[in-house]
> 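Below you'll find the structure I mean.
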Amino acid sequence: MRVKPKSPKILLALAAVAVLIALPRLAAPAQNPSTGAPKQDTHGIVVANMDASVKPGDDFNQYANGGWIRRTEIPPDRGRVGVFTSLDDLSNKRTAGLIEEAAKASAPAGSSVRKIAALYNSYMDEAAIEAKGIAPLRPHLESIALIHNQRELARALGESLRSDVDALNNTEFHTPNLFGLWVAPGFNDSEHYAAYLLQGGLQLPDREYYLADNARMRDVRVKYQAHISTMLKLAGFTGTDVRAQRILELEHSIAETHLSLADNEDVHKANNTWTQSDFAAKAPGLDWAEYFRGAGLGQQKSLIVWQPTAFTGESALVASTSLDTWKDWLAFHLIDAYAAVLPKTLADERFAFFGKVLSGTPEQRPRWRRGVELVDGLLGDAVGQIYAQRYFPPEAKAAAQAMVANIIAAFRKRIEALSWMDPKTKAEAQAKLTTLYVGIGYPETWRDYSAYQVEPDDLFGNIWRGGLFDYHREVARLGLPVDRQEWSMTPQTVNAVNLPLQNALNFPAAILQPPFFDPQAPAAANYGAIGTVIGHEISHTFDTEGSAFDSQGRVRNWWTAADLAHFNAATARLAAQYDTYKPFPDISVNGRQTLGENIADVAGLSAAYDGYRASLVGQTAPTQDGFSGDQQFFIAFGQNWGSKAREPALRQQVMTDPHAPAQFRADTVRNIDAWYSAFGVQPGQKLYLAPADRVRIW
Ligand SMILES: [Zn+2]
């Protein structure tokens with residue numbers, strides 16, 4: 001689970017590309033709006049970003065970020081903007097520089113540098129893309145047209161399976177293909193890679209977009225149907241209005257079979273091992289043998305089915321819905337997946353719907369930036385290897401390692417001090433910290449791209465082959481021993497992640513720099529900013545999901561019944577607290593859907609605070625601009641979450657993301673006793689919670 005919400009798939013929702021495609025997130029402004037001009041000269045909290053006219057106890061987010069919120073406009077090519085902005089920009093510009101260098105270097109044929117250059121150039125050559133028109137799509141559309149029966153349909157559906165979902169690491173539950181494959185350590189054998197199958201088939205971000213009965217979503221559906229029709233027309237289909245209506249009806253039926261995001265996050269519902277013959281028995285309709293042959297999984301004895309009811313429902317729909325509708329659905333999904341790399345009329349139509357309507361973003365990101373993101377998505381490790389060498393010095397790695405060690409030590413003390421936890425449960429929790437692999441900056445080994453063929457004049461083919469390269473790589477690992485030190489994020493990603501089945505953390509190089517981490521800043525600011533991120537990721541080891549896995553990554557209940565009851569009661573109170581937050585009058589945060597992330601925020605904040613206090617070794621912290629050390633710590637935490645979002649983008653996050661909107665994440669300081677004393681927060685102030693109402697978990 002990550003620290004930061006995923007970005008909506010606006011520009012390159014390429015079904016064929018693995019989840020790592022990190023889409024453009026935030027703004028590319030001329031100046032640095034996230035940290036404000038003063039940041040360049042000062043180290044630590046940014047006072048100019050605050051709003052001192054607000055009482056911290058009334059609205060801590062506004063107090064910490066009000067100045068920044070007042071000054072900042074969301075750029076026209078963004079759905080939202082936040083403190084991650086400046087780092088995303090920096091990382092993107094550096095990556096673009098590396099790619100330009102690669103393009104100029106006369107690297108040997110077949111080398112990664114040559115592939116980086118070729119992929120980027122193939123994306124930037126708009127004239128070549130226009131000249132080809134939809135020719136690259138044609139052979140694929142023709143094979144769809146040639147489907148004559150259920151068996152051939154099943155094979156085509158199987159052939160479209162990709163490794164484009166990720167249930168526990170990057171929490172990507174969405175694939176527009178019928179199903180999605182995730183290869184990860186097995187629930188029941190964490191020493192070997194297993195195949196997980198997840199529900200899919202929807203082009204819109206979540207089932208709610210199809211099922212919610214309100215004016216806003218009805219409007220989205222009307223525009224979506226028009227979008228389907230337009231795309232089919234642009235690809236040469238006739239009678240597209242009727243086809244569009246049938247495709248939407250089919251997706252509506254698929255949505256009815258889907259589990260909600262909150263249910264998807266419950267690993268206890270996901271551990272369902274099905275043999276190949278179970279599929280036919282438990283989910284009749286689809287010709288499963290043919291499906292698995294098409295997917296290259298004919299030899300796979302068993303798979304873990306994340307949402308059995310969705311598989312039963314979707315499989316039945318394959319049989320009960322007309323072949324022609326399925327063929328149209330396949331064609332539309334193919335066109336939409338590749339629209340961003342087809343001629344401008346198609347790319348613009350896709351953006352008009354997914355960018356403008358779904359996220360409220362008026363403009364596309366500059367092309368060079370989208371090119372960088374494409375290369376990051378398909379050759380991320382090759383770029384990252386150069387990035388880490390160039391931009392992550394050993395001193396930064398050592399300083400970050402020291403902070404991680406302090407925060408882990410703080411967690412150990414917290415666990416030891418828990419009065420409610422049984423000694424046996426404590427021992428396993430401590431064992432989880434002992435076996436935890438903490439990756440800092442970059443991975444120990446780099447991905448080998450030699451089997452990925454990239455051609456300078458074949459953008460469509462590069463992306464098609466990229467999706468297959470990832471897929472084949474994942475399928476080839478099934479049954480092999482797990483590499484617990486493998487990373488799931490690239491070094492140039494501004495984010496951090498916990499990998500529960502590997503009991504591992506990744507802190508990429510790109511997040512280990514100012515404003516999150518600044519060796520020249522006071523400890524209070526560093527622990528409040530990057531320290532709480534580190535604490536957040538460590539605590540996923542013990543959140544609702546992490547608590548289901550033991551120190552070896554096995555699904556095992558290592559809790560006593562009484563401990564688990566206490567944990568569940570405390571977390572239920574946190575879910576109820578978040579249920580009361582309303583970003584808009586007609587929509588509330590879903591406390592259950594965001595629970596794991598909210599636990600991680602509270603626990604991470606607590607442990608980082610302890611780590612910070614320990615780092616003072618009894619000394620009084622230096623003040624900054626009149627703020628005490630404790631005040632700086634909490635303000636720095638609040639400033640992590642400075643954010644502005646367009647309404648559709650924020651609504652999409654509330655419906656589809658496990659992370660609560662940033663403003664509420666800043667306000668979670670109300671659960672920490674030290675925050676009350678740092679700012680003299682009193683009863684009657686809006687965020688005040690009586691001591692008994694503050695949620696303490698770890
Ligand atoms: Zn997280």
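What's counted below: heavy atoms across the whole structure, side chains too, no hydrogens, waters or symmetry copies. Counting starts at 1 for both ligands and their atoms, in listed order.
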> Is it the case that the side chains of H536 and D601 hold a donor-acceptor pair, with the cut-off being a distance below 3.5 Å and no angle test?
yes

> We want to know whether T171 and E265 form a side-chain donor-acceptor pair, criterion being a heavy-atom distance below 3.5 angstrom.
no

> With sequence neighbours left out, what residues match R473 under salt bridge (charged side-chain N to carboxylate O under 4.0 Å, His left out)?
E486

> Counting backbone and side-chain atoms alike, is an N, O or S atom of E537 positioned under 2.8 Å from the Zn ion (ligand 1)?
no

> Just give me the atom name: the N, O or S atom of H536 closest to the Zn ion (ligand 1).
NE2

> Could you tell me which residues satisfy ring-ring contact (aromatic ring centres under 6.0 Å, His included) with W420, sequence neighbours excluded, listed by chain and number?
H566

> What N/O/S atom of E597 is the closest to the Zn ion (ligand 1)?
OE1

> Counting backbone and side-chain atoms alike, does H659 have an N/O/S atom under 2.8 Å from the Zn ion (ligand 1)?
no

